[in-house]
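Input: a single structure, listed below in C-alpha cells.
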Amino acid sequence: MASNGTAPGSKLVKWIDHRLPIFTFMRHETHEYPTPRNLSYWWNFGSLAGIVLVIMIATGLVLAMQYAPHKDLAFDSVERIMRDVNGGWLLRYIHMNGASFFFIVVYIHIFRGLYYGSYKPPREILWLLGVLILLLMMGTAFMGYVLPWGQMSLWGATVITNLFSAIPLVGESIVEWLWGGFSVDNPTLNRFFVFHFLLPFVIVAVVFLHLWALHRFGSNNPLGIDAKGPQDKIPFHPYYTVKDAFGLGVFLIVFAAVVSFAPNFMGHPDNYIPANPLVTPPHIVPEWYFLPFYAMLRAVDFDIAIPFTGIVIIEAKLGGVLVMFGSIALLALLPWLDRSPVRSGRFRPVFKWFFWVFALDCVILGYCGSQPAEGGWIVAAQIATLWYFLHFLAILPLLSILERPKPLPASIGEPVLKGGGTLAGAAAKPMEKA
Amino acid sequence: MSKALQGGGQPVEEQGGTRRDFLYLTAGAMGAIGTAAVVWPFIDSLNPAQDAVALASVEVDLSPVEVNQAITVMWRGKPIFIRHRDRAEIEAAEAADNDSMPDPEPDRQRIVQPPPNTPVAAATPDSDFLVVVGVCTHLGCIPLGQKPGQPRGDYGGWFCPCHGSHYDTSGRIRKGPAPKNLAVPPYNYLEEKQILIG
Ligand code: HEM
Ligand code: FES
C-alpha cells in the first residue's frame with residue numbers, strides 16, 4: 001500500500017516510507033482511519049487505558065531504579081523512595097494510584113462493551129484479546145502489590161498463591177514451585193519483581209493485537225449498527241484525537257487530585273507495616289479492584305458432594321477457585337452466550353434492565369468482598385455469585401431467543417442528518433453482518 | 001500423505017504411510033523430546049533451591065514449656081506451634097476421635113512417640129506435647145490461639161480469622177473452610193524434652 005507515494009512530507013520521509021511504509025501506515029491508522037460519527041464519551045476509555053499503561057511503564061521504570069527486590073531491603077527501599085529520592089513520593093503515588101485508575105478505566109471500558117454489544121460478530125477476537133489483557137493486568141497488579149513487602153503484600157500473596165494448592169494431587173508441588181521455597185519468601189519476592197517488570201511489556205504487545213483486530217472492522221458505536229457508507233464515518237483526526245485529548249484532560253484532573261490530596265485513599269494502612277511471617281493481619285483484603293472476585297472465591301464455603309453418600313467431589317477450596325476463574329472464563333465465552341443479533345442495549349428493552357442489575361450485582365460482590373467472611377456477608381455473596389453466573393448462563397442465552405428488540409435505525413447518519421432522531425424501519429430486523 | 005509426488009519416476013506408495021511421514025514423525029518427536037529436556041532446567045530452577053531445602057531442620061528444647069503453655073518456632077519459614085497440653089485437652093481430643101470430622105485422624109496418630117524401649121521412651125510416656133505446623137490449611141494464614149487471650153475457636157484449639165476455620169486441641173479441622181488438619185511436621189525426640197524438627 002505504501003510504494004505509490006501517498007505519504008506527504010519531505011524527501012527523507014518519502015525515502016524511508018518507500019522502504020518501510022511506516023508513515024503511510026501511521027497516517028492510515030491514526031489520521032484517515034474512518035470512525036463512526038456518533039461515538040459517545042464511553043468510547044474515550046480505550047485510548048485512556050493505553051495512556052495509563054504508558055504512565056505505569058514510565059513511573060515503573062524509574063521506581064525500579066531505586067527499588068531493591070530483597071525481603072530485607074524492599075520495605076525500606078520503598079520508604080526511601082518516599083522520603084529521600086527526589087520526587088520519589090510523587091512517582092510512587094502516581095504508580096500506586098495509577099494501578100487503581102487503570103482498573104477504573106478498564107472496567108468502564110469493559111462495561112461499555114457489555115452494554116453496546118461490542119463483543120458480537122465480527123469483534124469476538126477483539127473481545128478475547130481484551131479479556132487476555134484483563135488477566136495480564138490482574139497478574140501484574142497482584143505481583144506489584146507484593147513488592148513493597150508490607151503486611152498486606154505478604155499475606156495477600158500467601159492467600160492467593162495458596163489457591164493453587166486446591167488443585168488435586170499436584171497442588172502442593174505447584175505452590176512450592178511458585179514460591180521457590182516453603183512459604184512466600186525472598187525467592188518469591190524476587191521472581192514477582194521480574195514478572196512485574198516483564199508483564200506490562202507483554203500487555204503492550206497484546207494491546208497492539210487488540211488494536212489490529214479493532215482496525216479490521218473499526219469501532220462499534222452507540223447504535224450498534226454497521227456503517228452504511230462514507231456518510232456514516234469521519235476521519236479519526238482531528239475529530240477523535242481532539243475528543244480523546246479533552247477526555248484525557250478531565251481524567252488527568254481527577255487523577256492528579258487523588259494523587260495530590262488522597263493518595264492512600266484506595267490503599268490499605270496495613271501495607272505500611274513491614275511484612276511479618278508470624279502474624280496474619282486480622283482482616284486480609286485484596287486491592288479494591290479484586291474484591292468482586294475475592295467475594296466469589298469466599299462464597300463457596302461448602303463441599304460439593306454426591307447427595308446422601310457423603311462422597312465429596314469438589315472440596316470447598318477448589319470450588320471457590322473454580323468459581324473465581326470461571327467468572328472470567330464466562331466473560332471470554334460471552335460472544336457465544338449472548339446470541340441476540342442486536343448489539344446495542346438501546347434497542348434491547350429487557351436486556352437493558354438486566355445489564356444494570358448485573359452492574360449492581362458486581363458492586364454488591366465488591367462490597368461483600370470487603371467485609372469479613374461471616375454470616376450474612378457470606379450469604380449475600382452466595383446470592384450475588386449465583387446471579388453473576390445466572391446472568392451469563394441463563395439470562396443472556398434466554399434473552400437472545402425471547403426478547404423482541406426495538407426497530408433499528410436505517411443508518412448511523414440518517415437520524416443525525418434528518419435532524420429528528422426519527423428511526424426508520426418499523427419492524428425489528430436482524431443485524432446486518434459486516 | 002499416502003501418495004508421494006511422482007517426481008522421480010515411479011510413484012511411492014506404502015501401507016499406512018510413506019518413508020517421509022516416518023521421517024517427519026521421528027524427527028518431530030526427537031525435536032519435542034529435546035526441547036522438553038532443555039526447558040526442564042528452566043522450570044526446575046524455580047523450585048526451592050538446595051539452601052532452602054537444607055535449612056530444613058531445627059532442634060527445640062521443650063523443658064521450659066510448662067503445662068498449658070505454647071511456643072512458636074520457625075521451620076522452613078513457617079511457624080511451628082508447640083503446645084504443652086493438659087490432661088483435659090488431651091482427653092477432649094481423644095474423646096472426639098470418633099466424631100465425624102472433615103479430616104478424621106485419631107489424636108494418638110498426630111503425636112510422635114519417642115522410639116520404644118529407649119530411656120527417652122521410658123521418661124516420656126504419652127508425650128503431652130502437640131507439635132503442628134501453624135499454617136491454616138485453607139489459604140495459609142497463621143491461626144490464633146498460641147498467645148494467652150487470643151481466641152481459640154469453638155473447639156479450644158486454634159482459630160483462623162481469615163475465613164473462620166476452627167481447629168480442636170489436636171489441631172484437627174472441625175469447622176470452617178479449611179479442608180485438612182494442621183499438618184504434623186516430621187520430628188523426633190532426641191532426649192526427654194528435646195526434639196528435632198525436620
Ligand atoms: C500494567 C502496568 C502496571 C501495573 C498495573 C502496576 C501495578 C503496581 C502496583 C499495584 C504496585 C504496588 C504499589 C504500592 O502499593 O506501593 C506496583 C509497585 C511497583 N511497580 Fe508496578 N505496575 C505496572 C507496571 C510497572 C512497570 C512497567 C514497572 C517497571 C518497569 C513497575 C515497577 C514497579 C516497582 C519497582 C514497584 C515497587 C515500588 C512501589 O511499591 O511503589 N511497574 N506496581
Ligand atoms: S486461611 Fe484460614 S480460614 Fe482461610
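Chain letters run A, B, ... following the sequence lines, proteins first and then strands; every chain starts at 1. Computed over heavy atoms, backbone and side chain alike; hydrogens, waters and symmetry mates excluded.
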Could you check which of B:G77, B:A52, B:P161, B:G140 has the highest count of heavy-atom pairs closer than 4.5 Å to chain A?
B:G140
Check the side chains of B:W158 and B:Q150 for a donor-acceptor pair under 3.5 angstrom, ignoring hydrogens and angles.
no
Can you tell me if the gamma sulfurs of B:C141 and B:C162 sit closer than 2.5 Å?
yes
Give, as side chain, backbone, both or neither, the part of A:P187 having an atom under 4.5 angstrom from any heavy atom of chain B.
neither
Answer yes or no: is there a side-chain heavy-atom contact under 4.5 Å between A:L147 and A:F193?
yes
Identify which part of B:T137 has an atom lying under 4.5 Å from any heavy atom of chain A, answering side chain, backbone, both or neither.
backbone
Pair A:F103 + A:Y107: ring centers closer than 6.0 Å:
yes
Mutual orientation of the aromatic rings belonging to A:F197 and A:F201 [parallel < 30°, tilted 30-60°, perpendicular > 60°]:
parallel
Which atoms of B:I43 approach chain A - backbone, side chain, both or neither, heavy atom under 4.5 Å
both
Does B:D97 reach the side chain of B:R172, with side-chain heavy atoms less than 4.5 Å apart?
yes
Region of B:V53 in contact with chain A, defined by heavy-atom distances below 4.5 Å:
both
Does any heavy atom of chain B fall under 4.5 Å from the side chain of A:W155, the backbone, both, or neither of them?
side chain
Please determine, among A:R191, A:E176, A:R298, the option with the most heavy-atom pairs under 4.5 Å with chain B.
A:R191
When the 4.5 angstrom heavy-atom criterion is applied to A:I284 and chain B, the contacting part is side chain
